[in-house]
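Inspection log for the structure reproduced underneath, given as structure tokens.
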Amino acid sequence: MSEVVNYTREGNIGVITVNYPPVNALSQAVRSGLVAALEHGQKDAEAKVLLLVCEGRTFIAGADIREFGKPMQEPGLPAVVEQFENSDKPVVAAIHGTALGGGLETALGCHYRIALSSAKVGLPEVKLGLLPGAGGTQRLPRLAGAQKALEMITTGEFVAAKDALAFGIVDAVDESNDVKAAGIAYAQKLADEGKPVRRVRDLTDRIEADKGSDVFDQFRSALQKKARGQLSPFKCVDAVEAAFNLPFAEGMKRERELFMECMDSPQRAGLVHAFFAERQVSKVKGLPKDTPVRDVSSVGVIGAGTMGGGIAMNFANVGIPVTIVEMKQEALDKGLGIIRKNYENSAKKGRITQKQVEDRMALITGSLNYDEFKNVDLVIEAVFENMAVKKEIFAKLDSVCKPGAILATNTSTLDIDEIASATNRPEDVVGMHFFSPANVMKLLENVRGSKTSDEVKATVMAVAKKIKKVGVMVGNCHGFVGNRMLHKRGAEAMALVNEGATPQQVDKVLTDLGYPMGQFAMADLAGIDVGYRIREEMRNAGEDVAPSWMDKLAEQNRLGQKTMAGVYKYEEGSRKPIPDPEVERLIGDFRKEQGITPREITDQEILERCMYVMVNEAAKILEEGIADRALDIDVVWIYGYGFPAYLGGPMFWADQIGLDVILAAVEKYHREVGADYWEPAPLLKQLVADGKKFGDL
Ligand code: T1G
């Protein structure tokens, strides 16, 4: 026995218990403990049926991701699962929490499965750039058929116990919350009824039913769009298909081959990095774990525009009442109307019920009066990007809100300290930068002012978790982390078009890398006037901002999707960007005006100038302590801008390219392009000199 897996007997049931917090992951110790406990159960003549159950919060939640990339240690999980399946005594798995990946695969190697009604099962390996590598692609279709198996394995989505029962994945569901008692009772029933072992590998009727089906090609073509650029979803389809074309043993071999192809891919490395980074960011450097957190059970939002409405929805979605204050009734009504429309759309798509629409709308109150904020725990200002307006609002909040209320601004670039200076409580002022659409994008950049208290920092990080966002704590500078890097990419993208590239060529390089949208399609979505105003503010602040052909668009009221024309043109009811000869002409005229002779620009130059300028800026952000770790920057870009998680984020991606390669290019563009932001970051030079990566920081 081992300290993580033990064997006991209750009556004539042999109980194998796993206890390896936090999620009973299948580390080497657990795998060898399972083998030992199973052997013990086999030899125990008193035990008629064996039960596999876990202590703690969940059944086995998968292989131990921390072991990936290291040499595999015996016993391998497929062999462990096979030993359970070969048992000549029936083995029952009793599932609670989330039986995921190798955890569900281990349960599928058992002969019967019972789950608490609160439990979920899933094969989320695809989210780590993998596929189920311990028989899941061969056993699940034998229980649930091709369609269900493909859905679960290519999406990684969890399935509730009652659906797992309907799909044939589990044999019984128990309404109690005592998984061990439920497991023992079920095992006892099997023993009393003399039920035989029932090996999933021997089940053939679902295989016969779907043999030769075209469902595999249907999934492949659907994945062309949904999983553009990804490797493992397609390998998942190949592995499941093998269950229908090969005998079980051959199918297992095929699964192993495909699994190793995924395990060895850089995409697995990127996705596993992103998995851990998403969890690391909630541990804020210098913020003690036990920092008190204030209760946030009522929220105020100022501004019922796109951002304010989206922000309010996040709180209503988790049952927190929100009061939205606007200046004018008409704007308030419009904003509340848009919120309702968003909820109705979600109900139409079956994402929420009509009752949830009403419950959430009931939690959102509109008002024209700041006095409504006098008892709220948190107010989030979401009006347009003008410092004078924001300072006026914060002065008013300071006089209205109760002591201890947190005053947050959703500003995307402006100085938190300057805003805080308009109040007598700068320690309670903080940035909460949501990303549009605020009710969809998962990133929340929490921006600390120089006086923001630890309690307020801890509270806004807890609020992020509560509203199901990924919160990243960042420092206060122009654009914080995400937009400060985005502005540099935007400047380079504009310059590349000045010099001869077309907007669609630049956008294609970025979407080919894996972004969901290119720079200019995104500008059209956000509104050309947004960038225009930011450049104007920067010019007014005396910054050196080059003239831009995009300013001409704004001046001609080509503001993007909202005016059906911006960098691209749009047809009625469609968001598809269409290159517009009118804009080509405008760019041509601008080049003439600026005396620029256009030149051929390669995709490689576009990639380097758009991406390396961001990496160089990120190195400066790290040096200045605006971001604590490179992984914080990776998370900002994955969850705020759709940077492909399978590349691990811009910093992880840069490490794979090689910082020496990037530094050489930065020095080259510093000479050729000249902009001061191309000045190589000292940290970048230092890392190259030391032969180190961002990941070594
Ligand atoms: N391995 C190692 N550590 C894990 C882990 C895992 N599989 N899952 C979670 N943790 C850690 C996590 O890093 C955090 O650590 C703590 O547990 C709590 O996690 C052969 C090869 C189970 C739904 O992909 O989806 O099986 O930060 O903060 O929000 O086919 O964790 O506290 O130090 O996320 O309540 C397949 C991944 C693996 C499941 C719980 N399994 N985990 O969510 O807590 S591949 C997965 C999750 C595989 C086989 C293949 C979630 C959760 P720390 P948490 P949570």
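In each ligand, atom 1 is the first atom listed, and ligand 1 is the first ligand listed. Just so you know, these numbers come straight off a predicted model, no measurement behind them.
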Tell me which protein heavy atom sits closest to [atom], plus the residue, atom name and distance to 0.1 Å.
atom	result
atom 42 (N) of ligand 1	Phe275 CZ, 3.6 Å
atom 44 (O) of ligand 1	Arg57 NH2, 3.3 Å
atom 17 (O) of ligand 1	Pro22 CG, 3.2 Å
atom 10 (N) of ligand 1	Val23 CG2, 3.9 Å
atom 41 (N) of ligand 1	Ala61 O, 2.9 Å
atom 49 (C) of ligand 1	Glu105 OE1, 3.2 Å

Set of side chain to side chain donor-acceptor pair (under 3.5 Å) partners for Glu257, sequence neighbours left out:
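Here the qualifying residues are Arg254.
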List every atom of ligand 1 that sits less than 4.0 Å from any heavy atom of [X], numbering the atoms from 1 in the order shown and giving each element.
X	result
Asp64	1 (N), 2 (C)
Phe68	21 (C), 45 (S)
Arg279	12 (C), 13 (O), 28 (O), 34 (O), 54 (P)

Using distance alone, determine whether Ile65 and ligand 1 share an N or O pair under 3.5 Å.
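Yes; the residue has a nitrogen or oxygen that sits under 3.5 Å from a nitrogen or oxygen of the ligand.
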Could you tabulate the donor-acceptor pairs under 3.5 Å formed by side-chain atoms of residues 640-648, not counting sequence neighbours?
{"unit_1": "Tyr641", "atom_1": "OH", "unit_2": "Gly482", "atom_2": "O", "d": "3.4"}
{"unit_1": "Tyr641", "atom_1": "OH", "unit_2": "Asn483", "atom_2": "N", "d": "2.9"}
{"unit_1": "Tyr641", "atom_1": "OH", "unit_2": "Asn483", "atom_2": "OD1", "d": "2.8"}

Between [options], which one has a non-hydrogen atom sitting closest to [atom]?
atom	options	answer
atom 15 (O) of ligand 1	Arg66, Glu125, Arg268	Arg66
atom 27 (O) of ligand 1	Lys465, Gln280, Lys120, Lys283	Lys283
atom 7 (N) of ligand 1	Ser27, Ala25, Ala63, Gly62	Ala63

Salt bridge flag under 4.0 Å for residues Arg198 and Asp171
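Asp171 and Arg198: salt-bridged.
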Flag this pair as yes if the NZ/CZ of [X] is under 6.0 angstrom from the six-membered ring centre of [Y] and inside a 45 degree cone about the axis; otherwise no.
X	Y	answer
Arg220	Phe216	no
Lys211	Phe244	no
Lys89	Phe84	no

Gly129 backbone acceptor or donor facing Gln267 side chain under 3.5 Å:
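No: the side chain of Gln267 does not pair with the backbone of Gly129.
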